[in-house]
Amino acid sequence: MLDLSKITGFEWDKGNFDKSYQKHGITPNEAEEVFLDQDKLLQEDIKHSKQEVRYISLGKTTKGCVLLAVFTIRKHKIRVISVRKTNKKERRQYEQKA
């Protein structure tokens, strides 16, 4: 399982910094809140881990919105690739665990 205890912060690619806001209305700060959720779900994104290991996290923001974040780890930093609101199936998955 992925251990986030050694994470020191976030690294944002210029292209991804505003992408989630433009496409889904989610700010970088909201995206980062997913990783603060004590009940977050983490799993490896095997389907998209061709060039580097990618992960998926389902977590709730401080406003109560459940989001799905795709990310990778680079030098002890989370690099968010994309983030969006969960669909019904993903939200149920999160709620069953929480």
Side-chain angles (χ1 to χ4, degrees):
M1 180 42 101
L2 178 63
D3 179 12
L4 296 181
S5 67
K6 294 179 174 71
I7 298 300
T8 60
F10 292 86
E11 174 185 300
W12 286 92
D13 175 270
K14 279 186 190 179
N16 288 344
F17 189 75
D18 287 333
K19 182 177 76 173
S20 294
Y21 183 73
Q22 291 172 1
K23 288 179 84 174
H24 307 290
I26 299 166
T27 67
N29 285 341
E30 288 174 304
E32 292 176 6
E33 289 176 10
V34 168
F35 300 95
L36 301 175
D37 180 1
Q38 297 295 326
D39 295 320
K40 69 186 162 294
L41 293 174
L42 294 170
Q43 63 188 44
E44 189 173 339
D45 185 1
I46 297 168
K47 185 177 178 182
H48 298 104
S49 292
K50 303 290 187 258
Q51 294 178 343
E52 64 184 348
V53 179
R54 290 188 176 185
Y55 302 94
I56 296 172
S57 180
L58 300 175
K60 193 178 279 189
T61 66
T62 57
K63 292 182 181 177
C65 185
V66 181
L67 302 177
L68 180 144
V70 177
F71 67 101
T72 192
I73 304 293
R74 291 190 184 166
K75 298 180 184 176
H76 300 289
K77 292 191 179 192
I78 292 173
R79 184 177 178 105
V80 177
I81 297 164
S82 67
V83 63
R84 63 171 172 76
K85 292 181 180 175
T86 54
N87 61 35
K88 286 182 182 181
K89 181 180 176 184
E90 294 159 344
R91 197 169 26 262
R92 263 195 309 270
Q93 182 183 0
Y94 170 83
E95 290 168 351
Q96 287 175 351
K97 193 243 184 220

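Below, each value reflects all heavy atoms present in this structure, side chains not excepted, and no hydrogens, waters or symmetry copies. Numbering starts at 1 and runs along the sequence shown.
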Peer 1: What is the distance from atom NE2 of H24 to atom OH of Y21, rounded to the nearest 0.5 Å?
Peer 2: 13.5 Å
Peer 1: When rounded to the nearest 0.5 angstrom, what is the spacing between CZ in R91 and SG in C65?
Peer 2: 8.0 Å
Peer 1: Heavy atoms only: give me the nearest L58-Q93 pair and the separation to one decimal.
Peer 2: CD1-OE1, 3.9 Å
Peer 1: D37 and Y94: which non-hydrogen atoms are nearest, and at how many Å?
Peer 2: OD2-OH, 2.6 Å
Peer 1: When rounded to the nearest 0.5 angstrom, what is the spacing between CD in E90 and CG in L68?
Peer 2: 5.0 Å
Peer 1: Report, as yes or no, whether the 6.0 Å neighbourhood of atom NZ on K60 holds more than 12 heavy atoms from other residues, nucleotides or ligands.
Peer 2: no
Peer 1: How long is the gap from CD on E95 to CG on D39, to the nearest 0.5 Å?
Peer 2: 11.0 Å
Peer 1: Flag the pair Y55 / I73 as yes when at least one side-chain heavy-atom distance between them is below 4.5 Å, and no otherwise.
Peer 2: yes
Peer 1: Can you sort out the partners of T62 under side chain to side chain contact (heavy atoms under 4.5 Å, CB included), two or more places apart, ordered by chain and number?
Peer 2: E33
Peer 1: A side-chain contact here means heavy atoms from C-beta on lying under 4.5 Å apart; do F71 and L2 qualify?
Peer 2: yes
Peer 1: Keeping the roles fixed (side chain from E32, backbone from N29), state whether a donor-acceptor pair exists under 3.5 Å.
Peer 2: no
Peer 1: Are any non-hydrogen side-chain atoms of V34 and V80 less than 4.5 angstrom apart?
Peer 2: no
Peer 1: Could you give the distance from CG (L36) to CD (Q38), rounded to the nearest 0.5 Å?
Peer 2: 8.5 Å
Peer 1: Minimum heavy-atom separation for S82 to K19, with atom names?
Peer 2: CB-NZ, 4.3 Å
Peer 1: Partners of R79 by side chain to side chain contact (heavy atoms under 4.5 Å, CB included), sequence neighbours excluded?
Peer 2: E11, D13, T72, R74
Peer 1: Can you tell me if T86 uses its side chain to pair, donor with acceptor, with the backbone of L67 under 3.5 Å?
Peer 2: no
Peer 1: Please report the shortest heavy-atom distance between E30 and G25, naming the atom on each side.
Peer 2: OE1-O, 3.7 Å
Peer 1: For A31 and V83, work out which heavy atoms get closest and say how close.
Peer 2: CB-CG1, 3.7 Å
Peer 1: If I take atom CD1 from residue I26 and atom CG from residue D18, how far apart are they, to the nearest 0.5 angstrom?
Peer 2: 13.0 Å
Peer 1: Between R54 and V70, what is the shortest heavy-atom contact and its length?
Peer 2: CD-CG1, 4.3 Å
Peer 1: When you look at S5 and D3, which way does the side chain to side chain donor-acceptor pair (under 3.5 Å) test go after all the steps?
Peer 2: CA-CA 6 Å; S5 67; D3 179 12; 2.7 Å; yes
